[in-house]
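Have a look at the structure below before the remarks.
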Amino acid sequence: LNSNSDKDRYSITQQVFAKLNSTYYIIDNKTFNIVENSKNIQRVIPFMNDKGKRCYERLAGRQEPCMNCPAERLITMNTDIIKVITGIRRSGKSTILKFIIEELKKEGIDESNIIYINFESMKYNEIEEKQQLDELIIKKTKDLEGKIYFLFDEIQNINSWEKCVNSYLVDFDSDIYITGSNAKLLSGELATHIAGRYVEIKIYPFSFKEVLKIKEKRNNLNLNPKDKKEELLLKLEEEEIFKEYIEYGGMPAIFKINGKEERKEYLNNILNTIIIKDIMKRNNVRNVDLLERILKYICENIGNPFSAKSVCDHFKHENRKVYPESVSNYLNYFKDANLIHEVKREDLKGKKILSIYEKYYLVDHGFREVIFGNNLKSKSKILENIVYMELLRRDYNVRIGKLNGYEIDFVATKGSDKIYIQVTCTLLNDKTEIREFRPLLKIKNNYPKYIISTDKTDFSKEGIIHKNIIDFLKEDDF
């Protein structure tokens with residue numbers, strides 16, 4: 001709590017939580033100390049008071065912070081750590097920067113000490129080289145006193161941007177925030193200039209749980225039913241919202257658009273921008289037709305493992321000659337643009353990563369509706385895509401499992417935790433039930449095993465837990 005406004009907000013938070021009949025902890029993200037726990041905990045366990053104890057010791061039984069701890073990734077102002085916000089275009093990165101600017105102003109920071117540059121704005125889009133940016137910063141910081149707050153939007157457009165950012169951290173009393181749409185933003189050689197001096201915050205399109213929150217605010221959706229009638233009404237409304245989510249995904253601005261064709265046009269415009277700016281221009285791609293055909297192939301084969309050669313064989317049947325190297329390059333371009341995610345297969349018996357036949361998932365399944373269409377008629381593929389992205393949001397590292405000829409859709413790990421997941425549209429068919437349960441039953445360990453489907457009936461058996469997809473997406477974790 002570094003300022004009076006921090007203390008005011010903390011006091012308000014205490015008052016709000018005090019009215020909730022729920023269990024919560026407030027954690028200091030610098031020390032990991034529990035600074036508050038709910039009265040609800042103390043009512044249930046009168047002697048329980050965790051204040052001053054470290055969260056990872058008290059709640060997880062660990063001696064060190066948990067891997068991928070969200071408290072470590074909070075955007076903390078007034079630190080010499082560079083905050084790097086990454087994600088696909090139009091996922092909300094610029095909105096976060098603008099929110100930070102507003103917070104800085106509330107803190108009493110002089111506007112002249114807040115330097116925001118969007119490199120895709122007409123005002124700055126001619127700046128491409130380090131020297132040009134350095135000259136601009138020297139001009140903007142002349143005669144400024146005190147801490148300077150730099151906010152650079154879409155910084156990947158600047159050659160050697162890492163050297164710029166590192167020098168500003170050295171030469172100025174500064175707090176730096178940057179955004180980028182390229183997945184390789186922090187993986188190049190130049191990234192060594194800021195190694196150990198940054199924290200990455202990954203931004204994804206809205207989850208279904210976030211979509212429900214939007215509907216609660218804009219459509220007066222009641223997420224806290226008081227009786228059976230309200231609970232049934234909520235279930236029906238959730239199913240309609242989920243149907244809409246399957247079709248159009250979770251890109252933030254989509255929820256401000258009502259018409260079906262208008263939504264598709266919006267998603268298509270984002271897609272075209274990604275293809276032109278983040279793929280064609282950046283990688284000098286000329287064969288647009290092949291690029292679009294490969295993307296369509298990916299959409300058609302969500303949930304199916306394939307290789308570059310598989311794609312070449314597919315095009316061979318269409319009398320098109322394509323080389324595996326070209327396909328591999330294009331797949332990498334899509335990954336770099338944060339449009340798709342590659343998931344490796346793991347041999348669970350030999351505990352090794354398999355080198356071919358990966359699976360690919362879209363960062364937002366709404367793009368498939370634009371590229372390929374019929375999301376509602378391809379529910380199994382879309383559900384698998386949704387579950388994969390939800391696992392990423394929950395900070396899991398995800399692989400595809402292979403065991404004695406059987407496939408497990410997802411093997412998700414987080415620290416020492418591991419879970420196995422199968423995803424299907426429905427288990428009502430006996431053959432499908434056998435097919436989905438059999439691989440999990442072959443796994444001879446005590447890690448949790450789940451099957452996720454649209455079914456409302458509980459199919460849990462033999463230690464395997466069945467979850468309804470909507471219930472799963474509403475949870476914070478398993």
- Let me see the working for K377 and E247 under salt bridge (Lys or Arg N to Asp or Glu O under 4.0 Å), right down to the final yes or no. CA-CA 10 Å; K377 293 182 179 179; E247 197 165 4; over 6 Å; no
- Task: Output, in order, the C-alpha distance, side-chain angles, deciding distance and verdict of side-chain hydrogen bond (donor to acceptor under 3.5 Å, both in side chains) for S181 and D278.
- Result: CA-CA 8 Å; S181 299; D278 296 334; 4.9 Å; no
- Chi angles and distances behind the salt bridge (Lys or Arg N to Asp or Glu O under 4.0 Å) call for K130, D134: CA-CA 6 Å; K130 175 184 181 299; D134 287 342; 2.7 Å; yes
- Task: Could you walk me through whether E342 and Y361 pass side-chain hydrogen bond (donor to acceptor under 3.5 Å, both in side chains), step by step?
- Result: CA-CA 7 Å; E342 178 189 78; Y361 298 96; over 6 Å; no
- Message: Run I88 and I203 through side-chain contact (heavy atoms from CB on, under 4.5 Å) and show every step you take.
- Response: CA-CA 8 Å; I88 193 172; I203 303 297; over 6 Å; no
- Query: For K260 and E244, what are the C-alpha separation, side-chain angles and deciding distance, and is it a salt bridge (Lys or Arg N to Asp or Glu O under 4.0 Å)?
  - Reply: CA-CA 10 Å; K260 289 188 174 184; E244 186 180 87; over 6 Å; no
- Query: How far apart are the C-alpha atoms of E200 and T86, what are their side-chain angles, what is the distance that settles it, and do they pass the side-chain hydrogen bond (donor to acceptor under 3.5 Å, both in side chains) test?
  - Reply: CA-CA 7 Å; E200 182 182 11; T86 61; 2.8 Å; yes
- Can F150 and Y116 be said to form a ring pair (Phe, Tyr, Trp, His ring centres under 6.0 Å), step by step? CA-CA 6 Å; F150 295 108; Y116 170 70; over 10 Å; no
- Query: Please walk me through it: do D175 and Y177 pass side-chain hydrogen bond (donor to acceptor under 3.5 Å, both in side chains)?
  - Reply: CA-CA 7 Å; D175 192 12; Y177 305 80; 2.7 Å; yes
- Item | Derivation and outcome, side-chain contact (heavy atoms from CB on, under 4.5 Å), residues I298 and L331 | CA-CA 9 Å; I298 294 169; L331 289 173; 3.6 Å; yes
- Show your reasoning for whether side-chain contact (heavy atoms from CB on, under 4.5 Å) applies to Y357 and S310. CA-CA 9 Å; Y357 293 105; S310 304; 3.6 Å; yes
- Task: Show your working on side-chain contact (heavy atoms from CB on, under 4.5 Å) between V327 and I294 and close with a plain yes or no.
- Result: CA-CA 8 Å; V327 174; I294 292 175; 4.2 Å; yes
- Task: Please step through salt bridge (Lys or Arg N to Asp or Glu O under 4.0 Å) for the pair R394 and E390, ending with a clear verdict.
- Result: CA-CA 6 Å; R394 297 181 187 184; E390 185 64 23; 3.0 Å; yes
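The line from OG of S91 to CG of N338 is 8.0 Å long, rounded to the nearest 0.5 Å. Put simply, SG on C425 and CD1 on I469 are 10.0 Å apart, with the number rounded to the nearest 0.5 Å. Atom CG of L169 sits about 4.5 Å away from atom CD1 of I176, to the nearest 0.5 Å. The distance from the CD1 atom of I155 to the CD1 atom of I85 is 11.5 Å, given to the nearest 0.5 Å. Here the NE2 atom belonging to H365 is positioned 7.0 Å from the CD1 atom belonging to I246, to the nearest 0.5 angstrom. Rounded to the nearest 0.5 angstrom, Q132 CD and I158 CD1 are separated by 7.5 Å.
With Y168 as the fixed residue, the side chain to side chain contact (heavy atoms under 4.5 Å, CB included) test singles out one of I148, T141, L133, I115: L133. Evaluated for a side chain to side chain donor-acceptor pair (under 3.5 Å) with N375, the options R368, K243, K381 yield exactly one hit, R368.
I114 has its side chain within reach of L151: a pair of non-hydrogen atoms, C-beta onward, lies under 4.5 Å apart. Between D455 and N468, the closest side-chain pair of non-hydrogen atoms is not below 4.5 Å.
Using modelled atom types and a 3.5 Å distance limit, the side chains of T179 and E154 yield no donor-acceptor pair. When only modelled atom types and interatomic distance are considered, N166 and K163 share no side-chain donor-acceptor pair under 3.5 Å. Between the side chains of E129 and N159, at least one donor-acceptor pair of N or O atoms lies under 3.5 Å.
A salt bridge between E369 and K264 is present, with a side-chain N of the basic residue lying under 4.0 Å from a carboxylate O of the acidic one. Contact check on K359 versus E407 returns a salt bridge, with a Lys/Arg side-chain nitrogen under 4.0 Å from an Asp/Glu carboxylate oxygen. A salt bridge between K456 and E239 is present, with a side-chain N of the basic residue lying under 4.0 Å from a carboxylate O of the acidic one. For the pair R282 and D336, the salt-bridge criterion is not met [side-chain N within less than 4.0 Å of a carboxylate O]. Salt bridge D471/K235: present, at least one basic N to carboxylate O contact under 4.0 Å. For E238 and K474, the salt-bridge test passes: some basic side-chain N is under 4.0 Å from an acidic carboxylate O. Using a cutoff of 4.0 Å between basic side-chain nitrogens and carboxylate oxygens, K209 and D476 are scored as salt-bridged. Of the charged side-chain nitrogens involved, none lies within less than 4.0 Å of a carboxylate oxygen, so that K215 and E240 do not count as a salt-bridged pair.
Atom CD of E318 has more than 12 heavy atoms from other residues, nucleotides or ligands within 6.0 Å. Within a 6.0 Å radius of NZ in K93, other residues, nucleotides and ligands contribute more than 12 heavy atoms. The 12-atom threshold is not exceeded at NZ of K213, counting heavy atoms of other residues, nucleotides or ligands nearer than 6.0 Å.
At least one test fails for K467 against the ring of F472: distance under 6.0 Å to the centre or angle within 45° of the axis. Taking the ring axis of F206 as reference, the NZ or CZ atom of R393 does not stay both within 45° of it and closer than 6.0 Å to the ring centre.
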Determine all donor-acceptor pairs shorter than 3.5 Å in which one atom belongs to a side chain in residues 284-291; sequence neighbours excluded.
unit_1 : atom_1 : unit_2 : atom_2 : d
N287   : OD1    : L290   : N      : 3.1
D289   : OD1    : R293   : NE     : 3.4
D289   : OD2    : R293   : NE     : 3.0
D289   : OD2    : R320   : NH1    : 3.3

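A tilted orientation is assigned to the rings of Y330 and Y333, their planes being inclined by 30° to 60°.
Of all the heavy atoms in I408 and P439, the pair that sits closest is CG1-CB, 4.1 Å.
The backbone N or O of T413 lies less than 3.5 Å from no partner atom in the side chain of N397, so there is not a single donor-acceptor pair. Although no hydrogens or angles enter the test, the distance criterion places a donor-acceptor pair under 3.5 Å between the side chain of N332 and the main chain of S328. One N or O on the side chain of R263 and one on the backbone of I257 form a donor-acceptor pair closer than 3.5 Å.
Under the ring pair (Phe, Tyr, Trp, His ring centres under 6.0 Å) criterion, F208 pairs with F242, Y245, sequence neighbours left out.
Taking the six-membered ring where the residue is Trp, the centroids of Y450 and H466 are separated by 6.0 Å or more.
Contacts classified as salt bridge (charged side-chain N to carboxylate O under 4.0 Å, His left out) and involving residues 110-119 (residues at least two apart or in different chains) are given here: K105-E111.
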